[in-house]
Asks: 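Attaching a single structure in structure tokens format; questions to follow.
Naming: A, B, ... by sequence-line order, numbering from 1 per chain.
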There are 2 protein chains.
Amino acid sequence: MQRAPEHLRFAVLAADVALFTIRDKKLYVRLMRVNRPPHFPDTSGLPGGLIREDETAEMAATRILAERGHIDASKVYIEQLATFSEVTRDPRSRVVAVAYLALVPWETLSSIEQSDSDEAFWQLVERAPKLAYDHDHVLRNAHERLRSRISYSTLICKIVPKEFTLSELQAAYESLRGEFLDKRNFRKKMDMLDVLTPLKKKRTGVRARPALLYRFTSPKVLITPQL
Amino acid sequence: MQRAPEHLRFAVLAADVALFTIRDKKLYVRLMRVNRPPHFPDTSGLPGGLIREDETAEMAATRILAERGHIDASKVYIEQLATFSEVTRDPRSRVVAVAYLALVPWETLSSIEQSDSDEAFWQLVERAPKLAYDHDHVLRNAHERLRSRISYSTLICKIVPKEFTLSELQAAYESLRGEFLDKRNFRKKMDMLDVLTPLKKKRTGVRARPALLYRFTSPKVLITPQL
DNA sequence: TCCTAACAGTGTATATTTGACACCCTCCCC
DNA sequence: GGGGAGGGTGTCAAATATACACTGTTAGGA
């Protein structure tokens, strides 16, 4: 395939990823350390990088998550968020970024992936610092989308482990929505939605009565009527 | 601002627009005649074109709507839909397209804008032909998004004229959802949502009892609980 | 072994929302 | 002034949402 004339190709394409996880009932996002004087000395940003000629934006997003975020993308759910094309969003040259919203269950991460390194680290979303480029904007956008989709789809199935107790699922909802829910009403609702399959196992190793484990009946993200 | 090295700039950027309107209670989309042998002889496509160096994708979308779709974008509501980056979506060269969902009230269009020309025309969505490039995919995506956002936001305010009767508003919902609603329940719901302001005017010139006119209290698209 | 902390699991009563359903009213036009 | 076209209105039953509190089971430590 030919390339278009050079003068029409003024921009480079990038993929940026807002990868969220829930750890200890709190929402975290994966950030990179960024140190690019003069504009962005000693700051942070979302994992991002350039799209290659033989890649779609989505392929680039998963590759970048692995290469730069050090997260194996095979466990990660990813969906397109939006494209950011402000002319000066990168002060060095014209960069148009396709941003992705990504989710991963903390429990599926390896201990290396769970830990912070010199390059990448997990950051509590509610304490996120100011980010480089327009990544503040991207992150807010991603967080907003996450919160709203959680309410009317089974998107949450992508951020909890395969097997979970109802209390764990409820805690995940609570982390994402930032409010507490009533245990009985939550269970009634889940029962009605009919998206969970009870397993024949229980959660052991906790100093309490073992709870029944469940999983989502379908791995797909389904649209549901509320909650 | 500098350009990035040439080898990183392999793609051109395009903006494609799916512009919808409601005419005679039916949903139409603005299409262009496309005749680009050998791949796309004698077919149709969404209005689209290349993004310029000094433009954001959204600026390009509105410019293209005017230049190619012959629709004055100042009356048009536009929001980003998604970015399509399949490597071979345009068989000639790598083109990454940022697609937009756009809405306009039929009544605000000039008679030139309402009419079809050699280049652009209005097409009943439910009878849309096969389109060039991946525009089928883009159109389905846009239609889907339109239908779903209509149900839980006041997005519909962007496709009805400023002033309307409740029956007209109901007809717009029905066109978009493809199903009929009960008049009394619809009015009860609208009343509860508390997003409409009744005017002191009535719709005249119809051969029937004049209906009270309303407008949306806020011109913004608000998230609402259902309908 | 017994106590207790920690969490699992369950039901009811009330308020709110949804959905089905039909008739008379007003105006314009002939 | 009669007819046609659309405007405007209320009730009941069913489904859903919300508020609310106690008993049961286990592991761990005294």
Asks: How many whole angstroms separate atom CZ of A:Phe186 from atom P of C:dA8?
Replies: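 Checked: the CZ to P distance equals 12 Å.
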
Asks: Report the residues that fulfil side-chain contact (heavy atoms from CB on, under 4.5 Å) with B:Ile159, sequence neighbours left out, ordered by chain and then residue number.
Replies: B:Phe20, B:Ile22, B:Leu27, B:Leu103, B:Ile156, B:Leu176

Asks: Take atom CD1 in A:Ile223; do more than 12 heavy atoms of anything else shown fall under 6.0 Å from it?
Replies: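 Atom CD1 in A:Ile223 is packed in, count exceeds 12.
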
Asks: What I want to find out is whether A:Arg33 reaches A:Asp118 closely enough, with some N-O distance under 4.0 Å, to be called a salt bridge.
Replies: no

Asks: Mind checking what makes side-chain contact (heavy atoms from CB on, under 4.5 Å) contact with A:Arg209, not counting sequence neighbours?
Replies: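 Per chain and number, A:Arg209 pairs via side-chain contact (heavy atoms from CB on, under 4.5 Å) with no residue.
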
Asks: Under a 4.0 Å N-O cut-off, is there an ion pair linking B:Glu79 with B:Arg149?
Replies: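 Salt bridge: yes.
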
Asks: Mark up nucleotides 2-12 of chain D, 5' to 3', with B wherever a protein heavy atom is under 4.0 angstrom from a base atom, S wherever such an atom reaches only the sugar-phosphate, and - elsewhere.
Replies: --SBBBBBBB-

Asks: Could you list the residues that satisfy side-chain contact (heavy atoms from CB on, under 4.5 Å) with B:Thr197, not counting sequence neighbours?
Replies: B:Arg215, B:Thr217

Asks: Who pairs with B:Arg187 by side-chain contact (heavy atoms from CB on, under 4.5 Å), at least two apart in sequence or on another chain?
Replies: B:Leu166, B:Ser167, B:Lys183

Asks: Output yes when a side-chain donor or acceptor of A:Gln80 lies under 3.5 Å from a complementary backbone atom of A:Val98, and no otherwise.
Replies: no

Asks: Could you list by number each residue of residues 189-201 of chain A showing a heavy-atom separation from DNA chain D of less than 4.0 Å, or answer none if no residue does?
Replies: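 A:Lys189, A:Met192, in order of number.
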
